[in-house]
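Written out below as structure tokens is the structure these notes cover.
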2 protein chains.
Amino acid sequence: MVEAVKQKGNNEKRRRILDGALKAFAKKGFYNTKVSEIASEAGVADGTIYLYFKNKDDLLISLFEDRMEWIIERLSSEMEQTDGGFAEKLALFIRLHFMLVLENQDLAEFITVELRQSAKFVKEYSNPKFGDYLKMLQGLLEQAQQAGELRQELDARLVSRAIFGALDEVLLQLSLSTKLDVAEVERRTAMLSDMFIGGLAP
Amino acid sequence: MVEAVKQKGNNEKRRRILDGALKAFAKKGFYNTKVSEIASEAGVADGTIYLYFKNKDDLLISLFEDRMEWIIERLSSEMEQTDGGFAEKLALFIRLHFMLVLENQDLAEFITVELRQSAKFVKEYSNPKFGDYLKMLQGLLEQAQQAGELRQELDARLVSRAIFGALDEVLLQLSLSTKLDVAEVERRTAMLSDMFIGGLAP
DNA sequence: TCACACTGAATGAATCACCATTCATTCTTT
DNA sequence: AAAGAATGAATGGTGATTCATTCAGTGTGA
């Protein structure tokens, strides 16, 4: 086996490969995507991919980290700019979560489907970036608890998981549906934050 | 794609193959499982599998249908026996959902991980059994709305998705964790139903 | 009761298409 | 001209599927 290759100045080609991989994985899934397809999507030769990534698995993991990092950065920088209460912050979080889809449907399909895979089959890879994402949400909840805006008796860790799961499932549906419009996203955002904050009971 | 091959008197062998496939898929995932591994797990020859299933994909789908049917039957028969209000019914639903894990961890891993896969890559297979599962939950919500126990303005379809997603995500975590005890399941059941019914706000 | 087809189920070694990975060669840059 | 980057045809391993063969059960006739 060949060892990892370092990244030199040519990030641009690396980027093209990652973009091509995202597109291909979103369309056909990891196992049904040929390396040669990624290469042609990226406009490079098959072998070139191995100058930037150790193997196909490494490409998958690298793609994850790259995109999750991007998402986390965007989310957290946008979240910082609000100074509303918990309800508003949660609504904003949900909206941002969904909006990232509209902007990049391939990314949504990739994240919703392949994240599960990696949770299980790439066990040795603990997926720290996804952990960061969850911690953001959990931090939001804990803050709210300290401010008395969230019931104390709820376990922030469990609740953050539940919220993420709910969003992810709705997102999966959104990402697989053909027509996606902002109005529909707004409707779901509003209803879900309402549901979480106020509960189901009248 | 799907096309039943045959089912003579020997359902027992078919059953063994499905059991072996479940075990293998849960452990290594669909794409990393060799047909020969399933065969040896089931105690049959490689070729025998093709007497009962058209190909590996067909085996995956058949396994789904078989297990989902079982889950739905169990869930709905248990749900019928309660006559409590909405809150109790929801708590029961959540508890049953989780309990199935304790009883059969392989099944939980298989469902949580591979269901996603199929949602996307086996698009032509519309997964009616999963639809039935969701409809059960949706029906529960609609009933509650008619009884005035659930806020009218919430969309039962969207809410059922969200609840399923939340449960599924928590289940994924449960199914991947090493120690699983009833007390922990009860704790999460109680907290999640409390959260859904009462909301996050104090 | 036994010997002998006959039939469908089961076997598992062999096939063969597929595709990740390699590396000798070519191209580009300094 | 030398170093580094890129190429893409060739390689080698893999594993789903096939099918010629074997096995087991059942019925028949003597």
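Just so we're on the same page: letters track the sequence lines, and every chain starts at 1. What you are looking at is a predicted structure, and each value in this text was computed from that prediction instead of being measured.
Regarding A:Lys54, its NZ atom lies at a distance of 17 Å from the P atom of C:dA20, rounded to whole Å. As rounded to whole Å, 13 Å separates atom C1' of C:dT22 from atom CG of A:Asn55. Per the geometry, NZ belonging to A:Lys56 stands 5 Å off P belonging to C:dA20, to the nearest Å. Taking atom CG on A:Leu51 and atom P on C:dT28, their separation rounds to 16 Å, with Å as the unit. Between B:Arg16 atom CZ and C:dT11 atom C1' the separation is 14 Å, expressed in whole Å. Distance, A:Glu37 CD to D:dG8 P: 17 Å, rounded to whole Å. Rounded to whole Å, the distance from CG on B:Asn32 to C1' on D:dG15 is 12 Å. Computed from coordinates, the B:Phe53 CZ to C:dA10 P distance equals 12 Å when rounded to whole Å.
The A:Ala45 side chain lies nearest to D:dG8 when the options are C:dT11, C:dT21, D:dG8.
Below 30°, between 30° and 60°, or above 60°: for B:Phe110 and B:Phe64 the angle between ring planes is between 30° and 60°, a tilted geometry.
A close approach under 4.0 Å does not occur between any side-chain nitrogen or oxygen of B:Ser36 and OP1 or OP2 of D:dG15. Remark: A:Tyr50 is not in phosphate contact with D:dA6, judged by side-chain N or O atoms under 4.0 Å from OP1 or OP2. For the pair B:Lys13 and C:dA9, the criterion of a side-chain N or O lying under 4.0 Å from OP1 or OP2 is not met.
In this structure, A:Lys13 forms no cation-pi arrangement with A:Tyr52, as its terminal cationic atom is not both closer than 6.0 Å to the ring centre and no more than 45° off the ring axis.
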The test is ring-ring contact (aromatic ring centres under 6.0 Å, His included); show your working for B:Phe196 and B:Phe93 and say whether it passes.
CA-CA 12 Å; B:Phe196 278 118; B:Phe93 188 88; over 10 Å; no
Walk me through whether A:Arg161 and A:Gln138 qualify under side-chain contact (heavy atoms from CB on, under 4.5 Å).
CA-CA 8 Å; A:Arg161 279 272 175 188; A:Gln138 192 183 329; over 6 Å; no
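Counting non-hydrogen atoms under 4.0 angstrom, B:Ser40 reaches nothing in the nucleic acid.
A salt bridge links B:Asp155 with A:Arg187: at least one charged nitrogen is closer than 4.0 Å to a carboxylate oxygen.
Comparing A:Asp46 and B:Gly47, the nucleotide of DNA chain C nearest to each residue sits closer to the 5' end for B:Gly47.
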